[in-house]
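Accompanying notes for the structure given below.
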Amino acid sequence: MDANQFREAAHAAIEEIIQYYDTLPSRQVVSSVSPGYLKPLLPEAPPTTGEAWPAIQADIERVIQPGLTHWQHPNFMAFFPANSSYPGLLGELYSAAFTAPAFNWLCSPAVTELETVVLDWVCGMIGLPDVFLSKGEGGGVIQGSASEAIVTVMVAARERVLNRMTERYEDEKSRDDAKDAMRVKLVSLGSDQAHSSTQKGAIIAGTKFRKITARREDDFGLRSADLRRELERCKSDGLIPYYLTVTLGTTSTCAVDYFEEIAEVIQDYPDLWVHVDAAYAGAALVCPEYQHLTKSFDKFNSFDFNMHKWLLTNFDASCLFIKKRSDLTSALSITPSYLRNSFSDSGLVTDYRDWQIPLGRRFRSLKIWFVLRSYGISGLQAHIRGHIKLGELFHSLMLTRPDLFDVLSKPAFALTVITIKPSTSGEALDRARRLSAASKSDPSHERYLNDFSLDATAHALVDANKLTKEVYELINTRGEIFLTSGVIGGAYAIRVVSATPTAEEKYVRRAFEILVETTKEVLKKGTNRVDGAKEENGGKVVYGA
């Protein structure tokens with residue numbers, strides 16, 4: 001492909017991308033293909049001779065698009081969003097053109113220096129304390145994901161605590177032996193609402209992991225008393241707590257941990273590295289009304305959020321900020337002879353290879369730069385506030401049908417989490433009590449098999465979980481909207497978050513209608529099953545009918 005052919009192909013590709021975005025609302029949000037769909041559509045081997053671009057481009061629509069779930073679709077209300085924008089796409093284009101592994105400053109000075117400047121911009125924009133700016137001991141670095149950021153800082157935390165605890169040993173062998181003995185005692189912590197990446201990070205770092213319960217009465221946020229209790233338990237068990245994930249916007253409910261309380265506790269544990277995982281909700285900090293949440297962050301060691309989730313920057317662009325960058329670089333810096341150069345040796349430049357697990361890295365700061373300049377802070381604030389308003393609308397609609405829905409936790413950051421009520425006017429508890437009484441003399445009843453409680457409330461929860469799951473699966477099977485679910489405090493729940501760039505009020509209202517219609521349908525079907533079971537059993541209620 002020469003320059004003229006590239007010009008023609010690029011124009012065609014851009015036009016197709018624009019058409020794709022323009023036609024998103026008319027597409028089914030979730031792919032309907034079956035596993036293994038792609039292989040039969042492609043040749044068994046690559047072509048012997050090159051093909052013309054029009055033949056290649058035609059296969060985008062023929063074989064690729066049918067297998068896509070459209071994350072930019074206005075009816076995508078699952079997981080958390082993965083925002084995209086035209087300025088971000090242009091950043092990817094230039095990044096591909098200027099491609100370089102960029103492991104040190106010398107590879108391309110602009111790649112390193114733009115990242116430093118842009119992340120300082122972001123740090124100020126979201127109201128982080130100045131300790132995270134590059135002008136001091138801190139600084140920012142772009143990671144591939146919030147999960148990657150957690151693994152990276154966990155390794156730094158591990159090495160920091162081991163180095164601190166073995167400083168008294170004068171010779172290297174004694175120090176290494178002591179580290180080996182201590183390593184098996186290291187334990188990382190996070191609430192049971194923290195993202196699974198903390199537990200996975202502990203596996204990668206080769207350390208233990210313990211969960212701390214976050215309760216519904218605390219809006220599923222981690223409290224200081226529970227943290228202190230677990231820290232003391234670890235100490236009594238002979239373990240060394242070295243790392244803690246606190247969360248701004250948990251995956252299940254967008255809960256926020258009690259940062260100010262936690263900051264008080266950790267004063268007694270100076271070796272504990274505290275990382276703030278704000279993967280999705282951290283984007284809301286662009287709005288001043290949320291920046292009070294960062295008040296205690298100067299007491300913590302690191303913070304990360306994904307611009308590629310909610311701030312219009314294409315994946316991947318996870319912004320990690322470190323309070324003391326030497327904690328990171330001392331753990332991850334290895335400099336073989338082939339990476340040495342006078343600029344790096346001078347200490348006057350940043351080599352981001354020492355701030356991450358991979359050696360190479362892409363020119364990701366370009367797309368952040370383009371997005372910030374194209375939208376401006378006010379444009380990004382309007383983007384976030386628009387979705388918050390849609391979340392409040394959806395929550396208000398849920399409250400109009402208390403006969404059908406329970407809101408599991410208060411709505412936060414455009415996310416609402418709901419469960420389905422089994423029936424109305426207390427009938428769920430009445431039915432549960434009748435089922436409980438009817439089952440006492442029946443050894444085949446599920447309580448004997450699964451150790452279910454006879455408590456009426458527990459039975460109501462079983463019913464609610466079953467119905468919520470059935471409603472959720474039926475909605476996703478039909479494919480007009482895409483939702484996700486989870487189990488929170490024993491309750492099966494449906495998560496609804498409308499935060500794509502194409503989100504509008506009409507789509508939120510339609511999602512509510514679908515939930516109402518589907519819930520009524522499932523409840524009616526369940527009533528018919530129970531009534532039929534009564535007739536077949538001479539009026540007796542049989543559990544599970």
(request) May I ask you to decide whether D171 forms a salt bridge with R175, counting only side-chain N to carboxylate O separations under 4.0 Å? (result) no
(request) Nearest 0.5 Å please: distance from the CZ atom of R216 over to the CD1 atom of I488. (result) 9.0 Å
(request) Determine whether more than 12 heavy atoms belonging to other residues, nucleotides or ligands lie under 6.0 Å from atom NZ of K200. (result) no
(request) Working to the nearest 0.5 Å, report the span between CZ of F413 and NE2 of H387. (result) 15.0 Å
(request) Would you mind reporting whether C234 and L189 have side-chain heavy atoms less than 4.5 Å apart? (result) yes
(request) Verify salt bridge (Lys or Arg N to Asp or Glu O under 4.0 Å) between E232 and K235, making sure each step is shown before the conclusion. (result) CA-CA 5 Å; E232 291 172 352; K235 187 176 180 180; over 6 Å; no
(message) For W355, does the six-membered ring have the charged nitrogen or CZ of R353 within the cation-pi criterion, i.e. under 6.0 angstrom from the centroid and within 45° of the normal?
(response) no
(message) I'd like to know if R229 pairs up with D226 as an ion pair, taking the criterion as any Lys NZ or Arg NE/NH1/NH2 lying under 4.0 Å from an Asp or Glu carboxylate oxygen.
(response) yes
(message) Quick test of your reading of the model: are K389 and E505 salt-bridged, counting only N-O distances below 4.0 Å?
(response) no
(message) To the nearest 0.5 Å, what is the distance between OG1 on T484 and CZ on R495?
(response) 4.0 Å
(message) Evaluate E264 against R228 for salt bridge (Lys or Arg N to Asp or Glu O under 4.0 Å), listing each step before the verdict.
(response) CA-CA 10 Å; E264 290 294 323; R228 187 178 292 279; over 6 Å; no
(request) Could you tell me if the ring centre of H70 sits under 6.0 Å from that of Y20? (result) yes
(request) Evaluate the criterion salt bridge (Lys or Arg N to Asp or Glu O under 4.0 Å) for residue pair E137 and K323; output intermediate values, then yes/no. (result) CA-CA 7 Å; E137 292 185 292; K323 184 164 84 170; over 6 Å; no
(message) Nearest 0.5 Å, please: how far is CE in M307 from SG in C319?
(response) 5.5 Å
(request) Starting from the C-alpha separation in whole Å, work towards a yes-or-no answer on side chain to side chain donor-acceptor pair (under 3.5 Å) for Y21 and S84. (result) CA-CA 10 Å; Y21 277 87; S84 180; 3.0 Å; yes
(message) Can you confirm whether or not the ring centre of F297 sits under 6.0 Å from the ring centre of F303?
(response) yes
(message) Less than 4.5 Å apart, side chain to side chain, heavy atoms only: is that true for R233 and E230?
(response) yes
(request) Using salt bridge (Lys or Arg N to Asp or Glu O under 4.0 Å) as the criterion, point out the one residue from R362, R361, R364 that pairs with E115. (result) R361
(message) Once you measure the plane-to-plane angle for Y94 and F98, does it fall in the parallel (<30°), tilted (30-60°) or perpendicular (>60°) bin?
(response) tilted
(message) Are W310 and F305, when compared by the centres of their aromatic rings, separated by less than 6.0 Å?
(response) no
(request) State plainly whether the residues R210 and D237 are in salt-bridge range, i.e. N to O under 4.0 Å. (result) yes
(message) How long is the straight-line distance from NZ of K324 back to CH2 of W273, given to the nearest 0.5 Å?
(response) 10.0 Å
